[in-house]
Amino acid sequence: MSAAHTPAGRGPGHVVVIGGGIAGLAAAHRLLAGGARVTVLEASGRLGGKLRAGEIAGVPVDLGAESMLARRPEAVQLARTVGIGDRLQPPTTATAALWTRDALRPMPKGHVMGVPGDLAPLAASGVISPEGMARIAQDETLARTETGEDVAVGEYVAARLGREVVDRLVEPLLGGVYAGDAYRISMRAAVPQLFEAARARRSLTEGVRDLQARAAASAPQNGQSGAAPVFMGIDGGIGTLPEAVAGAVRRDGGEIRSGAAADALHWTAEDGWRIRTGDRTLTADAVVLAAPAGAAARLLRADCPAAATELAGVDYASMALVTMAFRRADLDRVPGGSGFLVPPVDGRRIKASTFSSHKWGWLGDADRDLFVLRTSVGRYQDDADLARDDSELVALSLADLGAAVGLSARPVASAVTRWEGGLPQYAVGHLERVARIRAAVAGMPGALRVCGAVYDGVGIPACVGSARRAADEILGTLAADRAPGE
Ligand SMILES: Cc1cc2nc3c(=O)[nH]c(=O)nc-3n(C[C@H](O)[C@H](O)[C@H](O)COP(=O)(O)OP(=O)(O)OC[C@H]3O[C@@H](n4cnc5c(N)ncnc54)[C@H](O)[C@@H]3O)c2cc1C
């Protein structure tokens with residue numbers, strides 16, 4: 001195939017970013033700031049990937065991710081840099097619950113990903129049975145449990161504190177982030193602070209208390225009324241962040257093509273990178289690969305089979321979000337708080353519900369007569385319900401909401417958003433896998449870096465962080481390549 005040079009053709013410091021999710025867009029923004037010429041290729045007709053702004057009954061809502069960790073600075077900083085810092089809003093309530101053992105129970109305070117440091121609030125919450133509490137207490141006296149180089153979160157915590165704390169706390173909390181299986185997810189990659197605590201102390205609860213003491217001592221203050229918010233949303237939805245970043249990319253001279261999947265990627269000595277998209281071929285000095293693992297594996301198969309094989313081994317979880325709007329006047333009961341998580345062990349259909357109108361002040365501002373909430377269905381290897389049609393997913397969500405919080409009203413509007421392959425699963429050994437992928441691509445003849453949810457964390461700030469790293473490494477490589485001739 002001959003390379004038909006496009007208007008964006010090869011130039012000094014031209015970087016093609018593959019994938020227009022938040023990671024790809026953040027990488028493009030950073031590359032432009034560093035002086036590169038940038039073309040973003042997005043396969044679908046919409047930018048943002050798992051961030052998706054939508055509308056229900058005329059109210060703006062998030063149909064994908066809805067909140068970002070603010071304790072990690074990258075995502076909040078990105079929002080500020082692209083000019084929407086004034087729309088950042090913390091949740092109005094952080095009070096969450098667990099629907100377990102046939103009741104809605106307050107989420108006990110004082111834990112790290114469900115592992116308690118303080119047993120009193122946990123006992124008071126009723127989340128764990130008396131026998132389960134007695135088993136947790138054995139952690140203080142049990143001999144050390146080795147972590148090895150990595151261990152599944154569930155396996156380690158069950159060995160120390162018993163299965164009940166895994167099944168009723170760790171599993172739903174971890175599920176809220178990964179939609180995964182605690183007995184399979186890497187402790188080192190997914191909850192590194194717990195891994196550190198497990199290595200530092202014989203007792204895991206003592207290790208958690210150490211972490212909490214350290215976190216309290218170093219918690220950032222907002223300068224006025226105590227601790228800075230842990231999470232942040234955006235007025236109008238987190239789903240508006242990608243378009244804001246894309247706007248900044250375009251203003252800085254970057255080109256963004258949507259509906260333009262990268263179909264093939266090859267390095268050639270004469271042209272540098274050649275990226276085929278449809279019937280066109282772009283050339284580039286460097287590539288940032290910000291697509292999910294399956295797509296990245298396909299693109300690297302020919303030129304970097306070692307990385308492709310590693311990427312092909314990353315499993316994904318699928319889920320659906322059911323967003324519903326109710327007329328407040330129809331609601332016999334609006335439960336308080338931001339929502340609840342559901343431990344899979346309880347055998348319910350939904351995995352969580354977020355009371356969006358309670359959680360986000362901007363939703364209340366948008367329409368005070370409507371109450372918006374959403375449920376999630378499906379998780380890793382537990383996706384039979386995802387074969388159901390939309391109306392069945394709405395019906396099963398309403399049935400569970402009725403049982404959990406006594407909600408009997410019917411929604412005035414509902415939307416089902418399916419996230420097939422939504423979240424990569426960080427299996428035991430994930431960090432080593434990522435290191436092997438990075439080493440393999442760094443050894444290619446042309447500059448190529450990877451970023452996104454597959455690598456350093458699935459949360460938005462982690463994706464933005466990995467994008468910064470990829471962009472900075474590419475900029476460093478391009479500068480080094482140019483230096484001798486200048
Ligand atoms: C339902 C759901 C809820 C979530 N909630 C939260 C939350 O509240 N807070 C949080 O921090 N995180 C949340 N996450 C996780 C977070 O949203 C994602 O991990 C993150 O947005 C992933 O960003 P990304 O850019 O790495 O990948 P993606 O968003 O997957 O973007 C990758 C892009 O690459 C494109 N692409 C694929 N193949 C090609 C190709 N060949 N050529 C060109 N383009 C290609 C895709 O179309 C896609 O747009 C949630 C995830 C899901 C699924």
Is [X] salt-bridged to [Y], going by a charged N under 4.0 Å from an acidic O?
| X | Y | result |
| --- | --- | --- |
| D62 | R52 | no |
| E420 | R418 | no |
| R449 | D472 | no |
| D263 | R298 | no |
| E146 | R199 | no |
| D285 | R37 | no |
| E473 | R469 | yes |

Nearest non-hydrogen partners of G421 and S318, listed with the distance: N-OG, 2.8 Å

Between [X] and [Y], is any side-chain donor less than 3.5 angstrom from a side-chain acceptor?
| X | Y | answer |
| --- | --- | --- |
| T283 | D271 | no |
| R301 | T309 | yes |
| R274 | T268 | no |
| Q425 | R379 | no |
| T354 | S356 | no |

L363, L321, T417 screened by side-chain contact (heavy atoms from CB on, under 4.5 Å) with V61, the one that passes: L363

Parallel, tilted or perpendicular: ring planes of H430 versus Y426, cut at 30 and 60 degrees: parallel

Distance under 6.0 Å and angle within 45° of ring axis: R163 vs Y183: yes

Pairs satisfying side-chain hydrogen bond (donor to acceptor under 3.5 Å, both in side chains), at least one member in residues 231-252, at least two apart: R87-T240

